Amino acid sequence: MICSQCPRSCGAERTEERKGGVCAMPSLPVVARAALHFWEEPPISGSRGSGTVFFSGCNLRCVFCQNSLISQEGFGRLVTVERLRAVFEELIAQGAHNINLVTPTHFAHVILEALEEPLPVPVVWNTGGYESLETLRSLEGKVQIYLPDLKYLNPDRARRYSAAPDYPEIATAAIREMVRQTGPCEFDEEGLLKRGVIIRHLMLPGGLNEAKAVMDWVADAFPRGTVQFSLMSQYVPLGRAGEFPEINRTLRKSEIRAAQGYMAALDLPGYTQEEASASGAFVPAFDLTGVEKAAPQEKT
């Protein structure tokens, strides 16, 4: 394939054998972990966990990425479309409330094949927000829940930390398209999200003004209750963050509390994190859990 699935439109040739493009991935999906995950927002994780599939590669180059082992170093195992579908079904059999696709954009063409037959649970598109409208429109009807980041509204910060100066305009347009597809958030009787959009913002050190600008945009762009907002304070300086002195620290308590206070003042419905969430202990173990089919047990 000649790839144009994300806003980079890099035109890279990606085949089953050949990796290419900014994502540096082949055409078939590469997966690093597939397991029940309990650290998402409450209406995603629920009581039984979200069936989370972590894809390798990424179209962004965030210097602070906590998943850099898979997003930028490419760790993972190549799987077929059939195996990917089986992974979804195995997670559902384990009790997953939904199938949560993490950083899936560059494998959208394959995921669509795997979702040709509808699943009995919602599909979550868990993304950095850097999405092309064409790719998003191809997902309509296949994805019920969008979980995008809105990392920046400042193009200089987007350039410096994610190598994507056009991120603000791309991400805001993408989020509007996501909301158009899903409509307002809908919850079931247990409080689990059935369809809708949760917009995430990970605060960076020194990024209080950015966080306020993002919250202002969400409040202005959508009537209250249309979307949910997730203010994340889990930042720890991982990846290449040590090369950028201004973000080579955790958040100050004053930054977290000021941002949470601003969210409350705007009356944005959604979620915040406890200060204890800023720990590398919450990074999943990328060890190919759930990727390969378990060997049948011998009868005794």
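Predicted model, so just to flag it, every value in this text is computed and none were measured. Keep in mind that the numbers below use all heavy atoms, side chains included, and drop hydrogens, waters and symmetry copies.
Both I70 and I111 are assigned to one and the same hydrophobic cluster, defined by single-linkage of ILVMFWY side chains at heavy-atom distances under 4.5 Å. Residues V218 and W125 are members of one and the same hydrophobic cluster, defined by side-chain heavy-atom contacts under 4.5 angstrom among Ile, Leu, Val, Met, Phe, Trp and Tyr. When hydrophobic clusters are built by joining Ile, Leu, Val, Met, Phe, Trp and Tyr residues whose side-chain heavy atoms come closer than 4.5 Å, directly or via intermediates, V124 is not grouped with L36. Side-chain heavy atoms closer than 4.5 Å link hydrophobic residues (I, L, V, M, F, W, Y) into clusters, and following such links, possibly through other members, connects V197 to L153. Taking hydrophobic clusters as Ile, Leu, Val, Met, Phe, Trp and Tyr residues chained together by side-chain heavy-atom distances below 4.5 Å, L115 shares a cluster with F54.
At a threshold of 4.5 Å between non-hydrogen side-chain atoms, the residues E210 and R157 count as touching. Side-chain contact between M263 and L266: absent, with no pair of heavy atoms (C-beta onward) separated by less than 4.5 Å.
Salt bridge absent: R85 and E113 never bring a charged side-chain N and a carboxylate O closer than 4.0 Å. R137 and E131 are not joined by a salt bridge, as no carboxylate oxygen comes within less than 4.0 angstrom of a charged side-chain nitrogen. A salt bridge links R160 with E246; the closest basic N to acidic carboxylate O contact falls under 4.0 Å.
Below 30°, between 30° and 60°, or above 60°: for H37 and W39 the angle between ring planes is above 60°, a perpendicular geometry. Ring geometry for H201 versus F229: interplanar angle under 30°, hence parallel rather than tilted (30 to 60°).
No more than 12 heavy atoms of other residues, nucleotides or ligands lie within 6.0 Å of CG in N209, so this atom counts as exposed by the packing criterion. Residue-environment remark: CZ (R77) stays at or below the threshold of 12 foreign heavy atoms within 6.0 Å. The number of heavy-atom neighbours closer than 6.0 Å to CD of E140, taken from other residues, nucleotides and ligands shown, is above 12.
Using modelled atom types, one side-chain atom of Q144 and one backbone atom of V123 make a donor-acceptor pair closer than 3.5 Å. R61 places a side-chain N or O within 3.5 Å of a backbone atom of V22 that can act as its donor or acceptor partner. Put simply, the side chain of R180 never gets that close to the backbone of I175: no donor and acceptor are under 3.5 Å apart. At distances below 3.5 Å, at least one donor-acceptor pair connects side-chain atoms of Q72 with backbone N or O atoms of C62. Side chain of T127 to backbone of P148: no donor-acceptor contact under 3.5 angstrom is found. Side chain of S45 to main chain of P42: no donor-acceptor pair is present (N/O by atom type, distance under 3.5 Å, no hydrogens or angles).
With sequence neighbours excluded, the residues satisfying side-chain contact (heavy atoms from CB on, under 4.5 Å) with I170 are P7, Y130, D166. Partners of R249 by side-chain contact (heavy atoms from CB on, under 4.5 Å), not counting sequence neighbours, listed by chain and number: P205, R252, E255. C23 pairs by the side-chain contact (heavy atoms from CB on, under 4.5 Å) definition with R14, M25, H106, not counting sequence neighbours. Taking the side-chain contact (heavy atoms from CB on, under 4.5 Å) definition, one finds that A285 meets it with R33, D287, sequence neighbours left out.
Minimum interatomic distance between A12 and G20 (heavy atoms only, all atoms of both residues): CB-C, 3.8 Å. The two residues A96 and V121 make their nearest non-hydrogen contact at O-CG1, 3.9 Å. Taking each heavy atom of P104 and N126 in turn, the nearest pair found is CD-O, 3.4 Å. Residues P165 and P155 come closest through the heavy atom pair O-CB, 3.3 Å. The two residues F88 and V53 have their closest heavy-atom pair at CE2-CG2, 4.0 Å. Scanning both residues, G129 and A174, for their nearest heavy atoms gives O-CB, 3.9 Å.
Rounded to the nearest 0.5 Å, atoms CG (N67) and CG (L238) are 9.0 Å apart. Atom CG of L268 and atom OG of S230 lie 11.5 Å apart (nearest 0.5 Å). Once rounded to the nearest 0.5 Å, the distance linking OG of S138 with NE2 of H109 reads 11.0 Å. Rounding to the nearest 0.5 angstrom, the gap separating the SG atom in C3 from the CZ atom in R8 is 12.0 Å. The distance from the CD1 atom of I198 to the CD1 atom of I44 is 4.5 Å, given to the nearest 0.5 Å. Rounding to the nearest 0.5 Å places CD1 of I99 at 4.5 Å from CG of L91.
Two rings, from F286 and F75, have their centers 6.0 Å or more apart. The aromatic ring centroids of F222 and W217 lie less than 6.0 Å from each other.
Side-chain contact check for Q5 and T135: no donor-acceptor pair (N or O, by modelled atom type) lies under 3.5 Å. Remark: the E177 side chain and the Y146 side chain contain no N/O donor-acceptor pair separated by less than 3.5 Å. Counted by atom type alone, Q228 and Y271 present one or more donor-acceptor pairs between their side chains at under 3.5 Å.
With respect to I199, the side-chain contact (heavy atoms from CB on, under 4.5 Å) criterion is satisfied by exactly one of V179, L231, V227: V227.
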Can you give each donor-acceptor pair under 3.5 Å made by side-chain atoms of residues 187-196, sequence neighbours left out, with the distance rounded to 0.1 Å?
from: D188; atom 1: OD1; to: E190; atom 2: N; distance (Å): 2.8
from: D188; atom 1: OD1; to: G191; atom 2: N; distance (Å): 3.0
from: D188; atom 1: OD1; to: L192; atom 2: N; distance (Å): 2.9
from: R195; atom 1: NE; to: T182; atom 2: O; distance (Å): 3.0
from: R195; atom 1: NH2; to: Q181; atom 2: O; distance (Å): 3.4

Subject >> Derivation of the salt bridge (charged side-chain N to carboxylate O under 4.0 Å, His left out) call for E41 and R200 >> reply: CA-CA 10 Å; E41 287 76 7; R200 288 173 160 176; 2.9 Å; yes
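Every pair passing side-chain hydrogen bond (donor to acceptor under 3.5 Å, both in side chains) that includes a residue from residues 49-58 is listed here, sequence neighbours excluded: S50-N98, S50-N100.
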